[in-house]
Amino acid sequence: AAPAQVHEADRRQQAGAISSFHLTAAAYRRKLKMTLLRAARFSDIGNVRKENEDRMLFEESAQLFGVADGVGGLPGGAEAAQEAVNVVTSSVLAAEAEPDLRAIVTKANDAVVALGMRMSPGVGIGSTLTFGCVRGSRLKLAHVGDSRAFSWRKGELICVTEDHSVENEARRRRARGEVVYYSESQRGALTRCIGQALPPEGGPRRSATVAGRPLHLLHGRHHPGRF
C-alpha cells in the first residue's frame with residue numbers, strides 16, 4: 001500500500017488557532033479523521049471561602065487534565081492540592097511509556113502525607129484528585145475523593161466517577177448485607193483522599209474513548225457552572 005500522506009493545516013490561519021487534518025493513503029477510498037482535542041480551565045472561589053484551594057492539572061504537551069481540591073476542615077488544603085498536582089504532572093511528563101496511574105496516585109499520596117507531617121503533624125492535610133491522561137483516542141481516568149468527572153455526549157451529562165463519601169460507602173456495605181448507620185451531617189464526608197496514611201486505592205478509574213465525547217472535571221462543590 002502507498003504510504004500515508006499528511007495534509008497540512010491552512011497556513012493562512014492565525015497562530016494558535018485550532019485546526020484539524022486528515023491522514024489519507026492510496027489504499028483507502030475514504031478519509032480518516034483524526035481525534036481533535038480541545039481543553040479549557042476555569043476556577044471560581046465563590047462567595048463563601050476566602051482562599052481558593054482548587055488546583056488544576058493542565059499539561060497539553062502530555063495530554064494531562066484534571067483537578068485537585070483541598071479537603072475542607074483540614075489545614076493546608078491549597079498546599080496539599082498543589083503538591084498532588086506537582087507530583088502527578090512531573091510523573092506523567094517523566095514516563096517513557098504509558099504512565100502507570102495507580103503508581104502515580106500512590107506517589108502523590110506519599111508526597112502529601114510527607115508534607116502534612118511537616119505542616120500539620122497532628123491531623124495532616126488532604127486533597128481530592130481526579131485527572132485524565134489521553135493516549136491515542138483513549139482516556140485513562142484516576143479518581144480519589146469527590147471531585148467529579150463528567151462525560152458530555154449527545155446533550156446528556158453523565159457522571160463517570162463515584163464520590164468516595166460516607167453515604168456511598170454505607171450504600172455499598174448495606175448491599176453486602178451489613179448493618180451500617182451514619183449521621184446525616186456526615187453523609188458527604190470523605191472516606192478517601194490524597195494525604196491519608198494508607199494508600200487511597202485510586203488508580204485508573206476507567207478507560208474510555210474520547211473522540212466526540214467531551215470530559216468535564218469538577219471540584220467538590222459539584223456546581224455545573226464551576227470548573
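Annotation: ring-ring contact (aromatic ring centres under 6.0 Å, His included) contacts of Y182 (sequence neighbours excluded): none. For R173, the side-chain hydrogen bond (donor to acceptor under 3.5 Å, both in side chains) criterion is met by E178, not counting sequence neighbours. Taking Q82 as the reference, R55, V85, N86 meet the side chain to side chain contact (heavy atoms under 4.5 Å, CB included) condition, with sequence neighbours excluded. E167 is linked by a salt bridge (charged side-chain N to carboxylate O under 4.0 Å, His left out) to R171, R187, counting only residues two or more places apart in sequence or in another chain. A39 pairs by the side chain to side chain contact (heavy atoms under 4.5 Å, CB included) definition with F58, F65, not counting sequence neighbours. Contacts of S90 classified as side chain to side chain contact (heavy atoms under 4.5 Å, CB included), with partners at least two apart in sequence or in another chain: none.
A 4.5 Å side-chain heavy-atom check between R138 and E98 finds every atom pair outside the cut-off. Proximity of T130 to R148: side-chain heavy atoms (C-beta onward) are nowhere separated by under 4.5 Å. V112 is not listed as a side-chain neighbour of S127, based on a closest heavy-atom distance of 4.5 Å or more. Using a 4.5 Å heavy-atom threshold, the side chains of S61 and L93 count as touching. No side-chain heavy atom of D110 sits less than 4.5 Å from a side-chain heavy atom of V87.
Connectivity analysis of hydrophobic side chains (ILVMFWY, heavy atoms under 4.5 Å, direct or indirect) links V71 to L74, V123, L190. Hydrophobic side-chain contacts under 4.5 Å tie Y181 into a cluster, directly or through other members, with V179.
Of the N and O atoms on the side chains of D54 and S43, at least one donor lies less than 3.5 Å from an acceptor on the other residue. Of the N and O atoms on the side chains of H164 and T191, not one donor lies less than 3.5 Å from an acceptor on the other residue.
Taking all atoms of both residues into account, the shortest heavy-atom contact from V113 to Q196 is CG2-O, 3.2 Å. Shown here for V105 and A142, the closest heavy-atom pair between the two residues is CG2-CB, 3.9 Å. I125 and P75 make their closest contact through CG2-O, 3.0 Å (heavy atoms, listed as atom of the first residue, atom of the second, distance). When all heavy atoms of N109 and C193 are compared, the closest pair comes out as OD1-O, 3.6 Å. Nearest heavy atoms, S147 versus D69: OG-CB, 3.9 Å. The two residues I104 and F131 make their nearest non-hydrogen contact at CG2-CZ, 4.4 Å.
Applying the salt bridge (Lys or Arg N to Asp or Glu O under 4.0 Å) definition to pairs two or more places apart or across chains, none involves residues 77-96.
Atoms NE2 and CG, on H143 and D163 in that order, are 6.0 Å from each other to the nearest 0.5 Å. Rounded to the nearest 0.5 Å, atoms CG (L157) and OG (S151) are 8.0 Å apart. For the atom pair I158 CD1 and W152 CH2, the distance stands at 10.0 Å (nearest 0.5 Å). Expressed to the nearest 0.5 Å, how far OG1 of T128 lies from CZ of R192 amounts to 14.0 Å.
Taking the charged nitrogens against the carboxylate oxygens, E156 and R153 have no contact shorter than 4.0 Å, which rules out a salt bridge.
Under the 4.5 Å side-chain heavy-atom criterion for ILVMFWY residues, no single connected hydrophobic cluster contains both M117 and L115.
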